[in-house]
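Working notes, beginning with the structure itself.
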Amino acid sequence: MTAMDWLVILPVLVLSGWALTVLLVDLWIPAKYKFITPLLTVLGLVVTLGLSLSKFGNPQSAFNGMVVVDGFAIFLDFIFLVSGLGAVALAYRYLRRMGIERCEYYSLLMFSISGMMLMTYANDLIMVFLALELLSIPLYVLAGFVRMEVRSEEAALKYFLLGAFSSGFVLYGIGLIFGATSHTELPAVAAAVGKSSANLPMFIVGAALLLVGFGFKQAAVPFHMWSPDVYQGAPSSVTAFMSIGAKAAGFAALMRVFVAAFPSLSADMSWVLWALSALTMIAGNVIAIAQTNIKRLLAYSSIAQTGYLLMAFVPYGNNQVLGDTVAAMLFYLLAYMLTTLGAWAVIIAVEKNGGEGLELKDYAGLGRRHPLLGAAMTIFMVSLIGVPPTLGFWGKFYLFRTALEGGFVWLALIGLLTSLVSAYYYLRVVVIMYMQAGEPETADDLWLRLVALTCAAAVVLLAFMPGSVLSLAVRAVLQIL
Amino acid sequence: MMMPLAYYVGLSAIMFVLGIIGVLVRRNALVVFMSLELMFNAANLLFVAFSAYFQLLTGQIFVFFVMTVAAAEVAVGLALMVEIFRTKHSIDLDQMSEMKG
């Protein structure tokens, strides 16, 4: 352990240290000046973002290879930190409006983000487990942040029990992999599998248990049961962050562990991933049709998005496609982050105290009453369907392309058909906003509008230069250590 | 006489499966929580057994991390249960049905 090691993981150190500092400093901030805490949080996140981005193009490993900070990790860090900044902007006035303005929110948010960043750095199964817990435990608390509201408590308890359940699977899977190969470092695990001393059946069971655990975090069907209830019960600003961060972290772990440690399993795994992806796309999109609550609608929509992401991951063992697979998934996660963050900003603007204003019918007339918010929401819905000219279109385009390159034509076909199904429920939101009469009140909140409009602009403008965004993702992939 | 490795692995597998069954079948949140701890400790047993077998320290050190993490989870989980008991006067999971769809 040298000073160099600490420098490599500096972004995470700064962020977790800052989270502790903010937790303490907040005690001395008088009630009148509570706006300082979110300000400090933003400062910490921006500094971390700068530190993290400064490492782009210079992949390093530290602590005897337990962590690696490479382009892949930094690309995902960018997603986590920007969604964290978004979550602060969404929460600032919302928490006060809902009467739950307590400053632990911001510290917990930073702890969770540092766990997510650590997950992208992890190059050892021990680190994967620790990062998974560091990102999950603050989220359990955040989901139950509205203490007096039964729904929020229920959401937190469900999330906690099922989250711990999935951690149990991950942990036992790691135990079996350790037993089969006598290693926990990902490259050493991959190397040990080739040798005759490795216990292959035990190894395969271990890898399958890890897949189950990560599937819970990503909300892949059939491990998705928690997500609609948790998304609905948790405060909306937390749901926004959770639907981006926890999912992206689940995919970060899946990509890192499976690509680095289990390349030899790809033949056995591809049909499992195929079935998971097909099930997730079908169930997510079909159940979403029946939803009338916008938060549940987006929960099922996010399940469906998991299915599309998994679709691109199916051919991960094919070395010719692997680079495209990871790049396409990074691109899609970025597009998903911008789209979802903006959509949640609109939802929070329409939401009223006590869980009111969350039904689809509450959106009647939004398009005419608040043209900017209506237009932004339309852009997000169109992007989630995957129709040009939006970033979501290019994201799906690249995902489908990798699935086809890998030779999974049927899976791509299922993806295409379910996308058509999804158009129905996304466009229903747009129809209700513009065609039905209503006078919806929205919260007078500058920050929500800022987030919604920035995201809408980014989703549209970046769609005119998908090549440069993709080339960034490709550069990130090329730096994988 | 040394006990063969398979005994430890078998015991830990039984503990793990019992834990899963407990989580799926029991309706009291506390008992579910205990079943979760059983799953975690099944994994711990696996780590200790393998690290003794391979003469490696990795597994034993991992167990310390797992115990720390489990303690943190207990803190959060019990706090959530106390809080929910205050509002609902029950921690029966079948009654956690405010949300549907």
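Residue numbers start from 1 in every chain, and the chains themselves are labelled A, B, ... in the order their sequence lines are given, proteins ahead of strands.
If you measure heavy-atom distances from S51(B) to chain A, the contacts under 4.5 Å come from both the backbone and the side chain. For I126(A), the parts lying near chain B are the backbone and the side chain together; criterion is any non-hydrogen pair under 4.5 Å. For I20(B), the parts sitting under 4.5 Å from any heavy atom of chain A are the backbone and the side chain alike. Q95(B) touches chain A through its backbone: at least one of N, CA, C or O sits under 4.5 Å from a heavy atom, while the side chain does not. At a 4.5 Å heavy-atom cutoff, the contact between A13(B) and chain A is made by backbone and side-chain atoms alike. Proximity to chain A (any heavy atom under 4.5 Å) is restricted, for L24(B), to the side chain, taken from C-beta onward. In this structure, the portions of I84(B) lying under 4.5 Å from any heavy atom of chain A include both its backbone and its side chain. Using a 4.5 Å cut-off between heavy atoms, S182(A) contacts chain B through both its backbone and its side chain. If you measure heavy-atom distances from A164(A) to chain B, the contacts under 4.5 Å come from both the backbone and the side chain. Looking at T68(B), there are no atoms closer than 4.5 Å to chain A (heavy atoms on both sides), in backbone or side chain.
Identified by a heavy-atom distance below 4.5 Å to chain B, the contributing residues of residues 165-174 of chain A are F165(A), S167(A), G168(A), F169(A), L171(A), Y172(A), I174(A), in residue-number order.
Between the CG atom of L176(A) and the CZ atom of F47(B) there is a distance of 8.5 Å, given to the nearest 0.5 Å. Atom CD in E133(A) sits 13.0 Å away from atom CZ in F65(B) (nearest 0.5 Å). From E73(B), atom CD reaches atom CD1 of I137(A) across 4.5 Å, with rounding to the nearest 0.5 Å.
Using bins of under 30°, 30° to 60° and over 60° for the plane-to-plane angle, the ring pair F178(A)/F54(B) lands in the perpendicular bin.
Proximity of a side-chain donor or acceptor of K158(A) to a complementary backbone N or O of M96(B) within less than 3.5 Å is detected.
By the 6.0 Å contact criterion, CE on M67(B) is open, its count of non-hydrogen atoms from other residues, nucleotides or ligands being 12 or less. In the displayed structure, R428(A) atom CZ is contacted under 6.0 Å by more than 12 heavy atoms of other residues, nucleotides or ligands.
Per-residue counts of heavy-atom pairs under 4.5 Å with chain A were compared for V23(B), L5(B), V76(B); the largest is that of V23(B). Of the listed residues (G175(A), A155(A), S136(A), G144(A)), the greatest number of heavy-atom pairs within a distance under 4.5 Å of chain B belongs to G175(A). Options R151(A), M148(A), H183(A) differ in how many heavy-atom pairs under 4.5 Å they form with chain B, and the most are formed by R151(A).
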- [ ] Would you sort out whether E153(A) and R86(B) count as a side chain to side chain contact (heavy atoms under 4.5 Å, CB included), showing the intermediate values?
- [x] CA-CA 11 Å; E153(A) 287 176 348; R86(B) 271 194 203 157; over 6 Å; no

Open item on the list: For a side chain to side chain contact (heavy atoms under 4.5 Å, CB included) check, start with the C-alpha distance between L80(B) and V141(A), then their side-chain angles and the critical distance, and finish with the verdict.
Closed with: CA-CA 8 Å; L80(B) 283 174; V141(A) 183; over 6 Å; no

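The minimum heavy-atom distance between L125(A) and F62(B), with the atom names listed, is O-CZ, 4.3 Å.
Ionic pairing of E154(A) and K88(B) is present here: one or more N-O contacts between side-chain nitrogen and carboxylate oxygen are shorter than 4.0 angstrom.
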